[in-house]
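Shown next, in structure tokens, is the structure this report addresses.
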There are 6 protein chains.
Amino acid sequence: MIKKALFPGSFDPFTIGHEEIVRRALPLFDEIIIGIGINTSKKGLFELKERKVMIEELFTDTDKVKVDTFSGLTVSFCELINAQYILRGLRTAADFEYERTIAQLNQAMHPNLETILMLSQPQYSMISSTIVREILRFDGDIKPFVPENIYRHIMDRQNNKS
Amino acid sequence: MIKKALFPGSFDPFTIGHEEIVRRALPLFDEIIIGIGINTSKKGLFELKERKVMIEELFTDTDKVKVDTFSGLTVSFCELINAQYILRGLRTAADFEYERTIAQLNQAMHPNLETILMLSQPQYSMISSTIVREILRFDGDIKPFVPENIYRHIMDRQNNKS
Amino acid sequence: MIKKALFPGSFDPFTIGHEEIVRRALPLFDEIIIGIGINTSKKGLFELKERKVMIEELFTDTDKVKVDTFSGLTVSFCELINAQYILRGLRTAADFEYERTIAQLNQAMHPNLETILMLSQPQYSMISSTIVREILRFDGDIKPFVPENIYRHIMDRQNNKS
Amino acid sequence: MIKKALFPGSFDPFTIGHEEIVRRALPLFDEIIIGIGINTSKKGLFELKERKVMIEELFTDTDKVKVDTFSGLTVSFCELINAQYILRGLRTAADFEYERTIAQLNQAMHPNLETILMLSQPQYSMISSTIVREILRFDGDIKPFVPENIYRHIMDRQNNKS
Amino acid sequence: MIKKALFPGSFDPFTIGHEEIVRRALPLFDEIIIGIGINTSKKGLFELKERKVMIEELFTDTDKVKVDTFSGLTVSFCELINAQYILRGLRTAADFEYERTIAQLNQAMHPNLETILMLSQPQYSMISSTIVREILRFDGDIKPFVPENIYRHIMDRQNNKS
Amino acid sequence: MIKKALFPGSFDPFTIGHEEIVRRALPLFDEIIIGIGINTSKKGLFELKERKVMIEELFTDTDKVKVDTFSGLTVSFCELINAQYILRGLRTAADFEYERTIAQLNQAMHPNLETILMLSQPQYSMISSTIVREILRFDGDIKPFVPENIYRHIMDRQNNKS
């Protein structure tokens, strides 16, 4: 049986913190599905389609990574795609408390699903999609926080707007 | 003087985590008032009346537990009903930081009011009303997280809707 | 070069916790700018102008403290006013995690900007603007939580309303 | 059945932090046993007998508090003296993690034993026996950290030594 | 290349908490080496040899688990045995802070070594070798905390002593 | 009055984490005293004199930094040398809890003494003297963790030994 992991998130947008977790986890799994969760009650900054395109472009160098969107519970999506693992990055102790709650909950609902945690590198520990959106909102420089291709994509978009 | 404790919360809905705290605290007090706080700025998933009925039904086996609703500050409600204690359950370190802030604040406003904390059992530490509402929203199975009678109540309600 | 620190926040309203940090930090700096951040997406309880007047009134005894408003990124405002330091008060471990993220981010964008942290006195550790607004909303007594002049200001305002 | 709580610790020496927890908890219980745990592998600064005398002297105003010494597991001592509750004070998030581990362990070994937690007042949150011993070792002033009678006791002892 | 993980620790003794992490991680790796670290400065309760025998006996049902002892740095042992992964269980936020420090350190010394974290099940989160030794010291019941075979081993040993 | 800060610690040995805090704090103070606390009950790895020499050598480029040793309470030493500030670096939330306890204690004993906290850069957050000693004990490579001159000093010392 192939080892398949879901890496779930909103990825609005995908950051270099997300990228490093996926790349470091690649040798451990046969396939990693980056699952963009659809939050019907909150409009994101980037369209779902746009997010998907940006992430796919980032991982064209490997066919072990796939990108998909999903709505509903994360555990249900894992069942649907036959993922036995949920992959998550940990940055801070606050992250830890949150991830523990979610992981224990997922296991109560779906006992065979394992959550695998990897620690962010220290220099990426302050990066999050929320922070990137906030900096964008005030026209700050997001270059240090997102992958190269995503940076270009976002800059093009900003320029087209004005 | 009888020992009266307020167990305040939104209870939208009441979970097995809430139930275990109340039941374990019962021998310590003469009366426990489960106080459903009214949040005028946020509409809950369950009507106040519905929440009250579900909780009352759960504790028909004891007359030491009463259920009430209140608006305004928790300390003011304690004064009104002559409760000398606020009872709270602690699940995580994040809970602790929150509870400490609230308890210190309550004591600054009302020095004779004591906050009594009890630790959730480990297997309940990931359960919260927020989580139950989230699972419901995606048609997940909430059975492991709420008391039996509340589960039936909610299922009936879901079926009537469709 | 004079040592200039920005003390940024919403200050909606300014509390005795804020005041003690500024007063304790005064000997360390030549000038402290209390910077009221403008949040365009969220209407505050007090008007920006009102907040500014209340804080200025509080520090009429020293000319080392100035009050200003700003929009956009905190680091950009520091650059604009030539502040080399950001001053922040720490109350709890939760505060710490948040401040660390922000400070690391600011330093990634502006390497010469230093964040200086001071610990709240324990008896002030539960006070925040959010808490003061919440107590006001329910007509509770905010006297122990805000400076004398701000208390009078707020009471006058409440009386004029009714 | 009378409500009996054990307040266990080394109390080497008993601090004003310990005292405030016991006094605030008194209305809740019919009897509080202050249990001085004997640690055979570590010699304390104060003799067990001395600690016991100092604490008993402090609570001569109430007959609801008794002082005892015990060796072995805390749960075993609770069984021996028929205490249904363990009373503990919480100061910080670090305390919380420790207390949770101990409380869950005690409950795994003795399911009917409840741990009741009360939060230290903020101004006492930095006081511990370890700190008092450390200050004593360097001839610092311990007066703000221990009850009046214990302060006199310790000063007499220091003077007799020299 | 086979996926080999080191699960390092003192295992003095091995608990059911350790066992569950190894068993849940088994599908993810081709081989898990349980590495008993030799601490020359501290004599353990159980002899290294004894610990090794007890753990080997526990995993006779699988040949993917091997048990070894090592002294020196964990990263050096990983290099020696060609393990690309360090496997660790996380119980509490305090664990997290510790594991993060160690993992970041290991990566600074050995960039290709990945630390994989799995969360303990909630009901095991209070179990540690330290706790088991403490309970043993006071003749408490360790049955709920260690695997069946290790329990029998320890009981035989205790009986032989007396 | 000149602004004088004490940077206290054991510095056994001084790390690049310590160095960055001192260098980043230099513009804020007129003088920083690096105070090596003497712990009579614990023999260090490096002699006090050796530690002092290594640190002095590191800061020969500035005369704002002085190195001294002290025994007794940190607050007493501050009084002795007329330091109005204690400077401390913060790495993790666990550090925070510890520093808060110490700072509150110091302020209870010496109200005019201020503790100024600066956050370690993320890439240094896992470095401590304890870790360096541990790596040395197992002949690991400490080069990434200590200043250049201290690295050479320690290597010379190791070679002389063998």
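The figures here come from the full heavy-atom set of this structure, side chains too, leaving out hydrogens, waters and symmetry mates. To find a chain, count down the sequence lines: A is the first, B the second, and so on, and within it residues start at 1.
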Would a 4.5 Å heavy-atom cut-off, applied to side chains only, mark [X] and [Y] as touching?
X	Y	answer
Met155(D)	Ile142(D)	yes
Glu56(D)	Lys66(D)	no
Leu90(E)	Met118(E)	no

* Asked: Which bit of Arg137(E) comes within less than 4.5 Å of chain D, counting heavy atoms only: side chain, backbone, both or neither?
  -> side chain

* Asked: Does any heavy atom of chain D fall under 4.5 Å from the side chain of Ile127(E), the backbone, both, or neither of them?
  -> neither

* **Parallel, tilted or perpendicular, as decided by the 30° and 60° cut-offs, for the rings of Phe77(D) and Phe70(D)** => parallel

* Structure fact -> Whatever's closer than 4.5 Å to a heavy atom in chain E on Gln104(D) counts as both

